[in-house]
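These numbers were taken from a predicted model, which means no experiment stands behind them. We count ligands from 1, going down the list as the structure has it; atoms in each ligand are counted the same way.
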Amino acid sequence: MDHLFELAKMAAVSGEMDRADRYVEIARRMGMRYNVPLRSYQKRRVCKRCYSYLHPGVSCRVRLKDGMVITLCKTCKTINRFVYDQR
Ligand SMILES: [Zn+2]
């Protein structure tokens, strides 16, 4: 799972978003098959609606507000919110 996200990240960095999305899909399928949920840092890398890989500045826009990370998916225009200020 970690390895697949690493591959997705590398694909996204080199501009191959199609491949990054594929790696995410494989990771999700494996998670469902073996009943392993995505880790928190992995969840915030994936759009909750279209499941595309969120690469800041490329496939999503990231803003910080009130202790939340707000990402706007450029593929489906969905706003994903993640709490990062967990005290
Ligand atoms: Zn999306």
Note to self: Within rounding of 10°, what is the angle whose vertex is the Zn ion (ligand 1) and whose arms end at SG of Cys76 and SG of Cys73?
What the structure shows: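 SG of Cys76 and SG of Cys73 make an angle of 110° at the Zn ion (ligand 1), to the nearest 10°.
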Next item on the list: Mind reading off the angle at the Zn ion (ligand 1) between the SG atom of Cys50 and the SG atom of Cys47, rounded to 10°?
Entry: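 Computed angle, vertex at the Zn ion (ligand 1), rounded to 10 degrees: 110°.
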Note to self: side-chain hydrogen bond (donor to acceptor under 3.5 Å, both in side chains) for Tyr53 and Asp18? Distances and angles first, verdict last.
What the structure shows: CA-CA 9 Å; Tyr53 183 77; Asp18 291 354; over 6 Å; no
Notebook entry, point to check: Nearest 0.5 Å, what's the NZ-SG distance between Lys77 and Cys50?
Noted result: 10.0 Å
Margin query: Within this structure, what is the CG-NZ distance for the pair Asn80 and Lys43, rounded to the nearest 0.5 Å?
Written below: 12.5 Å
Checklist line | the Zn ion (ligand 1) contact by Cys60, N, O or S atom under 2.8 Å | finding: no
Next item on the list: With Arg45 as the cation and Phe5 as the aromatic partner, state whether NZ or CZ is under 6.0 Å from the six-membered ring centre and within 45° of the axis.
Entry: no
